[in-house]
2 protein chains.
Amino acid sequence: MRTFVAAADMGRFQDAADELAITQQAVSKRVAALERALGVRLFARTARGAKLTVDGQAFLPHARDLLRAEERAVDSVRPGRRALRVDVIGRRLAPADLVRDFHRAHPGIELDVVTLFDADAAIDAIRSGTVDASFRAVTRGQLPAGIGADRAFDEPIQLLVGPGHQLADASAVTPAELVGHRIWMPGIVAGTEWAAYYGDLAAAFGLTIEVTGPDFGVKPLLDTLADSPSLATFVGELTGFGWPADQGLRRIAVKDPTPVYPHSLLWHRDNAHPALAALRGHHVSGSGGLSGAGTWTPAWA
Amino acid sequence: MRTFVAAADMGRFQDAADELAITQQAVSKRVAALERALGVRLFARTARGAKLTVDGQAFLPHARDLLRAEERAVDSVRPGRRALRVDVIGRRLAPADLVRDFHRAHPGIELDVVTLFDADAAIDAIRSGTVDASFRAVTRGQLPAGIGADRAFDEPIQLLVGPGHQLADASAVTPAELVGHRIWMPGIVAGTEWAAYYGDLAAAFGLTIEVTGPDFGVKPLLDTLADSPSLATFVGELTGFGWPADQGLRRIAVKDPTPVYPHSLLWHRDNAHPALAALRGHHVSGSGGLSGAGTWTPAWA
DNA sequence: GGGGCCGCACAACCGATCGTTGTGGCAGTC
DNA sequence: GACTGCCACAACGATCGGTTGTGCGGCCCC
């Protein structure tokens, strides 16, 4: 592909060969192989060089695109000049949407979104420079030296139930009213900050949260919820807008107090990546913390 | 690259190998080679398969982009389902800008822009199905059967002169006033419809148009014009907005009559490409022909 | 118009690469 | 503690890709 582009630019196979530091015959063979693979003739060979055919002209910009894509791919893992790498707790959860918003607001900034195991892994990755920023709920004051944290936003937790659930018609519930109800949250992996948050939430109000069962994904969870008169689950207020058909599922606000999930933006103080400042500025100015009267967060947050 | 994506999707090298119809060992070698080339580890090998590392997660979307780019490139030359292929007289002339406008108005329609030698080559290409549409000035009534033509738009011709030219301060000139002036148009290739148009223009009004000299591109032409008190050139009204600094060059309208260049959109009546109808509709509705009182076109147009 | 030159294609050779079979090692699991 | 599943390493064979050497066909120019 690179040979084709070089030959098209130069207009002569020999010049392309010089640029690529190979022989003219090698260029000829490469182009011939490409033409054979595509099934079309890309160059019209003349006595004065090689001019592009119509197919070649149409193919050329796509070939350039391919080379650019390759360059971006290589750069994405090249230390030093690589895109801003942001860890989110899940690709379908609220922080991922925020990163998407940021990307829309700053289309010129290259972003790579990754998902690490938990907050500890994220902190390690930030310390080692593997990632540049992370949206995680963390224990403030226990952060290693060099790691900074902005309380990016607090996401209120809602109850998600099927249409036949006992609470389906409630406009809002209090945590105390949830005592005794079965709250099912497969996919919460033990040891993560997710598990710590919901564990503390359950302990604080005497709730029953089942984390048993393998996680088959969002769809089966929603299907099960929709058909169950007793199962409920917690979901973030900003989470799930891309989910499949809701089958009559109801979102019920939780109040008095409202549990909020404390998303913080973590970064390394030594990280001079220019896009990092933009990301921090975007989210700090975007929304302040909601914590205060009427909300609940774990003591460690 | 395809192996990497397959392995990332499947989570196990063996499954990726099955999908690609190769052995697990081959997948292992390919991934190892890719990791060596990139200098980073893409997978964390476990006893239960291979999970992506952070670098692997960042790399994956770029790898997918690369595969998509490859698919688009191949499709661009695949007969049948390929992008709409439009010939323009020059990539920096008015029709190319119109095609760009069309692309902005219909971002979903894939376009490939090519440049053929002249109108005859364009007609041959349309007959053979090599291109789907062409903006060219053609002799109406002499088109082969099956070729349709819409008079897309008429582009008034202006005079371009340097700041020291005798006509630099004129607000408009008539063709009759240009008799005896040196009008220089390198880059006009004999035998093309360009040459026919300007040849007829010169003959109709007794002008002197020099087409001698090799064409070194737009920049040297503009440089020469800027420094010359006697050289002038013709340029389309819509042409040249992307040109480099104008060095005080003046555009002077031509009137009584105004020569207009008759851009037609050619296409094949048997061509059922869905985007072709959109292109025709876009340009026919965009602007009607200006020909009529006060304008001049060759008799054949 | 014919010799010379320029530029690409074909042929033969050779080294490198890629995929295969066979095997080993490591980590969970019963 | 043996088993199972999964990936890595080793050796071999076929294919691929690059190089040298040569042929062929247009332009150019004398």
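Each chain gets a letter, A, B and so on, in the order its sequence line appears, and its residues count up from 1.
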Scan nucleotides 17-30 of chain C nucleotide by nucleotide, 5' to 3', and note B when protein non-hydrogen atoms come under 4.0 Å of the base, S if they reach only the sugar-phosphate, - if neither. -BBBBBB---SSS-
Measure the distance from CG on B/L52 to P on D/dC7 and round it to the nearest whole Å. 13 Å
Side chains of B/H62 and A/D75, donor plus acceptor under 3.5 Å: no
Going by the angle between their ring planes, with limits at 30° and 60°, are A/F234 and A/Y198 parallel, tilted or perpendicular? parallel
A/D15 CG to C/dC6 P, in whole Å, measures 13 Å
Atom-to-atom span, CE of A/M10 to C1' of C/dG7 - whole angstrom: 16 Å
Separation of C/dC10 atom P from A/E35 atom CD, nearest Å, is 11 Å
Parallel, tilted or perpendicular for B/Y261 and B/H263, by the 30°/60° rule? tilted
Touch class at under 4.0 angstrom, heavy-atom based, for A/A50 against every strand present: sugar-phosphate
Rounding to a whole Å, what distance do you find between A/R2:CZ and D/dG17:P? 16 Å
Hey, which of these two, A/A32 or A/R12, hits DNA chain C nearer its 5' end, going by closest nucleotide? A/R12
Without decimals, in angstroms, what is the distance between B/K51 NZ and D/dC6 C1'? 15 Å
Please state whether the phosphate of D/dC7, meaning OP1 or OP2, lies under 4.0 angstrom from any side-chain nitrogen or oxygen of B/S28. no
Can you run down the side chain to side chain donor-acceptor pair (under 3.5 Å) pairs that involve residues 41-60 of chain B, sequence neighbours left out, and say none if there aren't any? A/R85-B/D55, B/E35-B/R45
What is the distance, rounded to the nearest whole Å, between atom CZ of A/F13 and atom P of D/dG18? 14 Å
Quick one: pull up CG in B/L66 and CG in A/L67 and give me the separation to the nearest 0.5 Å. 9.0 Å
Are B/T139 and B/E193 side-chain neighbours, meaning at least one heavy-atom pair lies under 4.5 Å? no
Could you tell me the separation between the CZ atom of A/R41 and the C1' atom of C/dC8, rounded to a whole number of Å? 11 Å
Counting distance only, does the side-chain N/O of B/T239 pair as donor-acceptor with the main-chain N or O of B/L93 below 3.5 Å? no
